[in-house]
Peer 1: 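The structure under discussion is supplied below as structure tokens; questions concerning it will follow.
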Amino acid sequence: MLDPQPARVRFAPSPTGRFHIGGARTALYDFLLARQTGGQFILRIEDTDRKRFVPSAEDEIIESLHWLGLDWDEGPDIGGPYSPYRQSERTDIYRQHAEELVAHGHGYYCFCTPERLSQVRQRQQKLKQPPRYDGLCRKLDIEEARGRIADGESYVIRFKTPREGSTAAVDLLRGPITVENSSLDDYILLKSDGLPVYHLAAMVDDYLMEITHVFRGSEWLPTFPLHVLIYEALNWKQPIWVHLSIFLNPSGKGKMSKRDAGVREIYVLDLKQMGYLPEGLLNWIALMGWSYDDHTEFFTLEDLIEKFSLQKLHPSPAAVDYKKLDHFNGNHIRSLTTSELVDQLRPHFEREGLIVNEEILQEITPLVQERIRTLEEAVEIAGFFFREAPEPEPSELVGKKMTIDESIEAIRRSSEVVESFTTLDVESLEEALRALAEDLGLKAGQLFGILRIAVTGQRISTPLIESMVVIGKEEVLNRIAHALEKLESYTGAT
RNA sequence: GCCCCCAUCGUCUAGGGGACUAGGACGUGGGCCUUUCAAGCCCAAAACCGGGGUUCGAAUCCCCGUGGGGGCACCA
């Protein structure tokens, strides 16, 4: 299972938007391969697009990766031997390589304006031809071109894609992908603002940073042969290429996007807010595009590092399934120790504006651990522990198939039972309450239902008896008395 | 329109010529447990896109359809 060669793998997002689970999966696989082989995981920021640049994006990427526990060995924030790791700080390097391509006849200067380009495109579209650069500047005399540049004319550098033949690019998951060179364009490598485009920058950096395995989205498949052509033009040895398929919407129709039906959330930091654990999220996305065997599905990050393998990656697109996320998250919550869960839970209660009593939090954590799938659910079922006495609806205090008077009697007698205790303990309290129910001719569920509303104010909560013990005799009595008052002045009118 | 990729239960997947009356998980339905909600346990329904080949034999290999996805920018 262990790849003997230490892999150098990079995650190279562009800071143009928020960090979503698709990026997280790519980063995860990068991380796993690096850790498994004892290699390096590198973070590189591809910020060569000034127009789409979002200042806060890099921070979000970093925060998300840290939260997920995918720590890198080299990156813009910590530096490293191949620094800098932000492409906007490496512009000279790209220009140098673009010029080298020109010098060796694999690239050329182009002076066509965006206006002319769009006219050409329009014409081609009208003629139902594939939109491509028409090659006007391709045969320009190099000296003439240099002269125009010296005169200050705006220009770009294009790749001189071979007109003949075909190129085979080898993807690890799909084998060779072959296209006619004529179907490739003379792509722009260096923009008129002097900054490179992905096709140049990523190739140059991957090579110079000695990246051994490139994981990227399958949206790069169409230009994959171009990238190989660039490698060949520069006479460089290629890395191993792995194209990961995209995530589809829950419906399986279309690329996963924030707005589609069934999509709960796609941004890592928002999923965190919703109460998902890094482990749950990681387990979920790891299994979309990779599998271990025919029955193992619960993985910690450590497990994944140990068990991940390139051979088990597969190329078909996967629809996101949030029900499955819930399931994995619930499992990971259950595998936490109590004190770990306490720490995870605290901020979720506090975010709700609740004042968290540490002692109570400790006591209720085991109560919620078995029944929540997200941390937020703990707030739903156990928030009442940190709130003032509830104000239950009188109508809710009437037991199932019971009259108001019967319910009042049940509450009164319960109060007496609680009163008889010096301190509450689960076993005897349950015993006493069950005896009371029997005495009243009620099913335990009827009595407990009334008390649940009286004590917690909720229909759904942590187990009643345990909850009462945590709340304590005095406060339980207060709440029961309050409920009794409410019910006694209740006429039954709706 | 052109190019590229993909194709097993609703979903994520196991499977890489005979071990397949196709396995697991989520979800769904039913049952058990039960103080609510969960969790847990048991059971059930549920798939090899179609057609041609290759082969003694195909979910597995090839071709063609079909379906789905992606790409065709001085964005990544």
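These values consider heavy atoms only, across backbone and side chains, with no hydrogens, waters or symmetry-generated copies. This structure is a prediction, so every number in the text was calculated from the model and none was measured.
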Peer 1: At under 4.0 Å between heavy atoms, what does A:Pro15 touch on the DNA or RNA strands: base, sugar-phosphate, or nothing?
Peer 2: nothing
Peer 1: On RNA chain B, does the nearest nucleotide to A:Arg158 precede the nearest nucleotide to A:Ala444 from the 5' side, or the other way round? Give the residue.
Peer 2: A:Ala444
Peer 1: From C-beta outward on A:Lys323, which listed nucleotide comes closest to its side chain: B:C26, B:U36, B:G40?
Peer 2: B:C26
Peer 1: Assign A:Ser461 to base, sugar-phosphate, or nothing according to its heavy-atom contacts below 4.0 angstrom with the strands shown.
Peer 2: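 It contacts base atoms.
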Peer 1: Taking only the side-chain heavy atoms of A:Leu287 (C-beta and beyond), determine which of B:C12, B:G70, B:A76 contains the nearest atom.
Peer 2: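 Side chain of A:Leu287 sits closest to B:C12.
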Peer 1: Where the side chain of A:Ile246 is concerned, which of B:A14, B:G70, B:C72 is the nearest nucleotide?
Peer 2: B:G70
Peer 1: Considering every strand shown, what is the Watson-Crick or G-U wobble mate of B:A25 when both distances are under 3.5 Å?
Peer 2: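 Pairing partner, where one exists within any strand: B:U11.
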Peer 1: Would you indicate what A:Lys400 reaches in the nucleic acid, counting non-hydrogen atoms under 4.0 angstrom: base, sugar-phosphate, or nothing?
Peer 2: nothing
Peer 1: Report the residue (A:Glu466 or A:Tyr155) whose heavy-atom-nearest nucleotide on RNA chain B is the more 5′ of the two.
Peer 2: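 The 5'-side residue here is A:Glu466.
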Peer 1: Check step by step if side chain to side chain donor-acceptor pair (under 3.5 Å) holds for A:Tyr276 and A:Arg264.
Peer 2: CA-CA 12 Å; A:Tyr276 292 99; A:Arg264 268 187 228 167; 2.7 Å; yes
Peer 1: With heavy atoms under 4.0 Å as the rule, sort A:Gly330 into base, sugar-phosphate or nothing.
Peer 2: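 No contact at all - A:Gly330 keeps every heavy atom at 4.0 Å or more from the nucleic acid.
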Peer 1: When we call it a touch if two heavy atoms are under 4.0 Å apart, what does A:Pro317 touch: a base, just sugar-phosphate, or nothing?
Peer 2: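 Touches sugar-phosphate only.
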Peer 1: Sticking with atom C1', work out how far B:C48 lies from B:A59, rounded to a whole angstrom.
Peer 2: 4 Å
Peer 1: Reckon A:Leu190 touches a base, only the sugar-phosphate, or nothing at all at heavy-atom distances under 4.0 Å?
Peer 2: nothing
